[in-house]
Participant: 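Please read through the structure below; I'll follow up with questions.
So you know, we letter chains A, B, ... as the sequences are listed, proteins then strands, and number each from 1. In this text, all values refer to a predicted model and were calculated from it rather than measured experimentally. Values reported hereafter were calculated over all heavy atoms of this structure, with side chains retained and with hydrogens, waters and symmetry mates removed.
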Number of protein chains: 2
Amino acid sequence: MPRVPTTADAFNAVAEPRRRQILDLLAARERAVGDLAALLGVTQPLVSKHLRVLREVGLVEVRDDGRRRLYRLDGRPLKPIHDWVKGYEQTWSERFDQLDVVLAELSEQEQQDGSQDRQ
Amino acid sequence: MPRVPTTADAFNAVAEPRRRQILDLLAARERAVGDLAALLGVTQPLVSKHLRVLREVGLVEVRDDGRRRLYRLDGRPLKPIHDWVKGYEQTWSERFDQLDVVLAELSEQEQQDGSQDRQ
DNA sequence: CAATCATATGCCTATATGGGCATGCGTCAA
DNA sequence: TTGACGCATGCCCATATAGGCATATGATTG
């Protein structure tokens, strides 16, 4: 079985760095396809394809403006990612706590024996 | 150019649902490969392959225990995901605010004209 | 109407994935 | 020592990408 399609959900759509760049640009303001292509320094068809993926997972919406198409962000599909990863937030802050403990122990030892042979 | 490899970063490693399941299990406690396979209802080789991906992006660590190998979670590589998606958190809460505004306006209109022809 | 602009889509390639299956390798127990 | 166990890895397949290029479709302007 092949990999989960990029259009399966926001997790997969956002795994591609270029698509995150596009979202980051759209976070500031609504933009046309050509503008995005110029800002990213890539070809227009490529941007259109990425936007198609983002549209299929609901991360962007389109609006017609003459012969241009203006895309704007819809961040709601990102919420599941936020919710999932938030459950792990304590994981890396706990590590900080552990580091604090280690540092405290080191400092304590230094005060006790004043040893210098530490890197 | 093909898709970004799953081992490129946590974004891609975690895009696969089965790998998120594995992390969710490891979040509770350290586990052996066979236990994970049994809990997920999949074959052992498949779990080993997913664990390999997770190991390559630093999301799990291994420890030898006799003829078993115990895997445990390391959530630190998830932090970039958390940081990136957190920047969009206001995106969907803003939408709630907008919805509140709309609902308030509707409610206000109803009080003013008492109209019933609303869906 | 003709020419131009903005965008979407089609075709092409190389690539590596998730899963199935068989097997190799190290560890333990009898 | 021999067997069984636990795990990793190899090979196989179908699939769908990201990107390049050419072109079709639409809207605008002259």
Participant: Name all residues meeting the side-chain hydrogen bond (donor to acceptor under 3.5 Å, both in side chains) criterion together with B/Arg29; count only those two or more places apart in sequence or in a different chain, and write none if there are none.
Facilitator: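 Testing B/Arg29 for side-chain hydrogen bond (donor to acceptor under 3.5 Å, both in side chains), a comparison that skips the adjacent residues, returns none.
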Participant: Enumerate the residue pairs fulfilling salt bridge (Lys or Arg N to Asp or Glu O under 4.0 Å) with a member in residues 7-19 of chain B, sequence neighbours excluded, ordered by first and then second residue.
Facilitator: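 Checked against salt bridge (Lys or Arg N to Asp or Glu O under 4.0 Å) - neighbours excluded - no pair reaches residues 7-19 of chain B.
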Participant: In whole angstroms, how far is the P atom of D/dA27 from the CZ atom of A/Arg69?
Facilitator: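 Taking CZ of A/Arg69 and P of D/dA27, I get 10 Å after rounding.
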Participant: The criterion is salt bridge (charged side-chain N to carboxylate O under 4.0 Å, His left out); which residues satisfy it with A/Arg69, sequence neighbours excluded?
Facilitator: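 For A/Arg69, the residues satisfying salt bridge (charged side-chain N to carboxylate O under 4.0 Å, His left out) (neighbours in sequence not counted) are A/Asp64.
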Participant: Name the closest nucleotide to the B/Arg68 side chain, picking from D/dG6, D/dA27, D/dA8.
Facilitator: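 Minimum distance to the B/Arg68 side chain belongs to D/dG6.
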Participant: Can you sort out the partners of B/Pro45 under side chain to side chain contact (heavy atoms under 4.5 Å, CB included), two or more places apart, ordered by chain and number?
Facilitator: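 B/Thr43.
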Participant: Not counting sequence neighbours, which residues clear side chain to side chain contact (heavy atoms under 4.5 Å, CB included) with B/Pro5? List them please.
Facilitator: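 With sequence neighbours excluded, B/Pro5 shows a side chain to side chain contact (heavy atoms under 4.5 Å, CB included) to B/Thr7, B/Ala8, given in chain and number order.
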Participant: Mind running a 4.0 Å heavy-atom check of residues 30-37 of chain B against DNA chain D and sending the residues that fall below it, in number order?
Facilitator: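 The stretch gives B/Ala32, B/Val33, B/Gly34 as the residues lying under 4.0 Å from the strand, ordered by number.
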Participant: Which nucleotide of DNA chain C is the first, and which the last, in the 5' to 3' direction, to come under 4.0 Å of a heavy atom belonging to chain B?
Facilitator: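 Range of nucleotides touched by chain B: C/dT15 to C/dC28.
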Participant: Restricting to side chain to side chain contact (heavy atoms under 4.5 Å, CB included), what partner residues turn up for A/Leu40, sequence neighbours left out?
Facilitator: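 Residues passing side chain to side chain contact (heavy atoms under 4.5 Å, CB included) with A/Leu40: A/Gln21, A/Ile22, A/Leu25, A/Val42.
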Participant: Dump every N/O contact between nucleotides 16-20 of chain D and the protein below 3.5 Å, one line per pair.
Facilitator:
{"from": "D/dT17", "atom 1": "OP1", "to": "A/Thr6", "atom 2": "N", "distance (Å)": "3.0"}
{"from": "D/dT17", "atom 1": "OP1", "to": "A/Thr6", "atom 2": "OG1", "distance (Å)": "3.2"}
{"from": "D/dA18", "atom 1": "OP1", "to": "A/Arg19", "atom 2": "NH1", "distance (Å)": "3.1"}
{"from": "D/dA18", "atom 1": "OP1", "to": "A/Arg19", "atom 2": "NH2", "distance (Å)": "2.8"}
{"from": "D/dA18", "atom 1": "O4'", "to": "B/Met1", "atom 2": "O", "distance (Å)": "2.6"}
{"from": "D/dA18", "atom 1": "O4'", "to": "B/Pro2", "atom 2": "O", "distance (Å)": "3.4"}
{"from": "D/dA18", "atom 1": "N9", "to": "B/Met1", "atom 2": "O", "distance (Å)": "3.1"}
{"from": "D/dA18", "atom 1": "N3", "to": "B/Met1", "atom 2": "N", "distance (Å)": "2.7"}
{"from": "D/dA18", "atom 1": "N3", "to": "B/Met1", "atom 2": "O", "distance (Å)": "2.4"}
{"from": "D/dG19", "atom 1": "OP1", "to": "A/Arg18", "atom 2": "NH2", "distance (Å)": "2.8"}
{"from": "D/dG19", "atom 1": "OP2", "to": "A/His50", "atom 2": "NE2", "distance (Å)": "2.8"}
{"from": "D/dG20", "atom 1": "O6", "to": "A/Lys49", "atom 2": "NZ", "distance (Å)": "2.5"}

Participant: Less than 4.0 Å between a side-chain N and a carboxylate O, is that true for A/Asp65 and A/Arg68?
Facilitator: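 A/Asp65 and A/Arg68: salt-bridged.
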Participant: Please list all pairs meeting salt bridge (Lys or Arg N to Asp or Glu O under 4.0 Å) that have one or both residues in residues 32-58 of chain A, counting only residues at least two apart or in different chains.
Facilitator: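 Counting only pairs at least two positions apart or across chains, the salt bridge (Lys or Arg N to Asp or Glu O under 4.0 Å) contacts touching residues 32-58 of chain A are A/Arg52-A/Glu56.
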Participant: Which residues satisfy the side-chain hydrogen bond (donor to acceptor under 3.5 Å, both in side chains) test with B/Arg3, sequence neighbours excluded?
Facilitator: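 Once residues adjacent in sequence are excluded, the partners of B/Arg3 under the side-chain hydrogen bond (donor to acceptor under 3.5 Å, both in side chains) criterion are A/Asn12.
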Participant: Would you please name every residue forming a side chain to side chain contact (heavy atoms under 4.5 Å, CB included) with B/Val33, sequence neighbours left out?
Facilitator: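 For B/Val33 the side chain to side chain contact (heavy atoms under 4.5 Å, CB included) partners, ignoring immediate neighbours, are B/Gln44, B/Val47, B/Ser48, B/Leu51, B/Tyr71.
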